[in-house]
Amino acid sequence: MEKISLSEKEIPTHYYNILADLPEPPSPPLNPETNEPIRPEMLEPLFPKALIEQEVSREKRIEIPDEVMEIYKKYRATPLYRATRLEKLLGTPAKIYYKYEGASLTGSHKLNTALPQAYYNKQEGIKALTTETGAGQWGMALSLAAKFFDLKCLIFYVRLHYQQKPYRVSFMRMFDAEVLPSPSNQTIIGRKFLKEDPNHPGSLGIAISEAMEKVTDGSIKYSLGSVLNHVLLHQTIIGQEAKLQLEKDDEYPDVIYSCFGGGSNLAGISFPFLSDVLTKKKKVRVVAVEPDTCPTLTKGEYKYDFGDTAKTTPLFKMYSLGADFIPPKIQAGGLRYHGAAPLVSHLVNKGYIETISVSQTDVMEAARLFTQTEGILPAPESAHAIKGAIDEAIRCKKEGVKETILINISGHGFLDLQGYEEFLDGKLAVQ
Ligand SMILES: *Cc1c(COP(=O)(O)O)cnc(C)c1O
């Protein structure tokens, strides 16, 4: 089929928790002062109890609340497409499918976790949320979710992307969010960086520090768009749907491609399939594709490190380029993070997930090919997955093998056109 949909009744009713299936759990987060594992209660100033429970839960299936499901049904299931025109152009015997999260209300997969996060905060009487956003997709998703659950929203938006993608700011403000370019003059850490450079481009690590600094009393909590276990958990709705959709075409993937920033869309598409690997001895390759300018998984060290630049978070065992790493300026802003989800890091370390890195120009070229054949303009982040999958399809052609490739397209690129414009004009830079 060209496009495989699911009816409302077929949408999965639970999130899938891979922690239940892992033979060996990942190393726990540590308190940097004592080097002892963090006790769940220590996270209570930051997150509502329900999310902390999900963070450490070993339950295999966690029910999606009705109030969240109601909103999911406005855009889920997202479509699964067969990339027939791309296959033809490449002349590959491989079958290429892609799951299109660009069809969400805010244009990316981030809404899948923003909604339950806002819901659980509301349930526990919280009035406002604060967060950071890199490329802006997470800020857009949380703005919508906060509005739908009647919460205020304060967003620290990495200055480089605030300037690159001003329409994302307008989108957030349409939902009444307060948006500040980061580093901002509203926090101690922000002022420190502004003093060094009044036009500091910012980074996710700095923006996280600013948002964390704002969580001072009990009325405002912090919300994170990737990396943590509960965020990855919420995203598993993607892979569960994809599995049902592929079944309708009598298919099962040989290999799954996803871009990698912090790990949430990769986890979302792949964990439900890795469950089959862990429990049913199925074989499926999972490949994380990252930019060669922020090569966290391919070049980073697997170690305990801080999640933010001010070193205020717990220590996480993860692949990291160092908490002080400020990534070069690239168009795929959602992939500029020094660290990686501890769960994904663990699976990479154990050999369940492969990693590759690709150049910005190759990625934009792959996006152009995809747009010209499939008609969908992907986010520059998502185009990393497309680049990886195209190379895989070409390998299948050379070897004459009929593999089934599944790509996760994490978002659309309608608000990334300035970057594509620079690419078309030959002015694409890495600074
Ligand atoms: C945020 C984002 C990413 C990167 O984050 P992950 O947690 O690795 O998924 C990728 N694509 C899009 C469209 C994003 O918004």
Side-chain angles (χ1 to χ4, degrees), residues 78 98-114 117 131-144 155 157-158 161 164-165 168 171-172 204 207-208 223-239 256-271 286-291 294-297 307 318-319 327 330-345 347-348 353 355 357-358 363 367 376-388 407-416 419:
T78 57
Y98 57 96
K99 181 77 168 150
Y100 185 47
E101 288 299 305
S104 97
L105 297 175
T106 59
S108 82
H109 69 291
K110 297 278 188 350
L111 191 58
N112 301 333
T113 183
Q117 290 196 43
T131 194
E132 71 293 326
T133 189
Q137 301 268 26
W138 169 238
M140 287 165 63
L142 197 68
S143 304
L144 182 150
I155 295 171
Y157 191 177
V158 174
H161 306 297
Q164 256 179 359
K165 301 171 198 232
R168 293 201 191 277
F171 187 99
M172 295 175 220
L204 260 188
I208 295 174
S223 193
L224 195 60
S226 185
V227 176
L228 296 179
N229 297 350
H230 68 267
V231 180
L232 275 50
L233 174 83
H234 300 151
Q235 294 296 353
T236 57
I237 181 123
I238 304 173
I256 300 173
Y257 273 88
S258 179
C259 68
F260 186 87
S264 71
N265 88 91
L266 172 88
I269 189 89
S270 68
F271 282 8
V286 175
V287 186
V289 189
E290 57 186 15
C294 190
T296 313
L297 296 176
M318 62 182 179
Y319 285 90
I330 53 168
Q331 293 301 327
L335 309 184
R336 291 174 76 236
Y337 183 55
H338 70 271
L343 259 178
V344 172
S345 296
L347 288 158
V348 168
I353 298 175
T355 62
S357 71
V358 293
V363 163
I376 282 177
L377 179 75
E381 288 86 354
S382 318
H384 286 69
I386 297 171
K387 167 64 185 158
I407 315 174
N408 195 34
I409 308 282
S410 50
H412 68 59
F414 290 165
L415 293 175
D416 304 292

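Every number for a ligand or one of its atoms is a count from 1 in the order of the listing.
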What are the polar N/O contacts of ligand 1 with the protein below 3.5 Å, with distances?
residue: ligand 1; atom: 7 (O); partner: S226; partner atom: OG; Å: 2.5
residue: ligand 1; atom: 7 (O); partner: G263; partner atom: N; Å: 3.3
residue: ligand 1; atom: 7 (O); partner: S264; partner atom: N; Å: 2.8
residue: ligand 1; atom: 7 (O); partner: S264; partner atom: OG; Å: 2.7
residue: ligand 1; atom: 8 (O); partner: G261; partner atom: N; Å: 2.7
residue: ligand 1; atom: 8 (O); partner: G262; partner atom: N; Å: 2.9
residue: ligand 1; atom: 8 (O); partner: G263; partner atom: N; Å: 2.9
residue: ligand 1; atom: 9 (O); partner: H109; partner atom: NE2; Å: 3.1
residue: ligand 1; atom: 9 (O); partner: S264; partner atom: OG; Å: 3.2
residue: ligand 1; atom: 9 (O); partner: N265; partner atom: N; Å: 2.8
residue: ligand 1; atom: 9 (O); partner: N265; partner atom: ND2; Å: 2.7
residue: ligand 1; atom: 11 (N); partner: S410; partner atom: OG; Å: 2.7
residue: ligand 1; atom: 15 (O); partner: K110; partner atom: NZ; Å: 2.7

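Residues passing the side chain to side chain contact (heavy atoms under 4.5 Å, CB included) test with A341 are L232, V344, sequence neighbours excluded. Here I376 pairs with Y81, Y98, Y100, F370 under the side chain to side chain contact (heavy atoms under 4.5 Å, CB included) rule; sequence neighbours left out. With sequence neighbours excluded, no residue forms a salt bridge (charged side-chain N to carboxylate O under 4.0 Å, His left out) with K110.
With values rounded to the nearest 0.5 angstrom, K99 atom NZ is found 14.0 Å from I407 atom CD1.
Remark: the W138 side chain and the T131 side chain contain an N/O donor-acceptor pair separated by less than 3.5 Å. Side chain to side chain, R336 and H161 meet the donor-acceptor criterion of an N or O pair below 3.5 Å.
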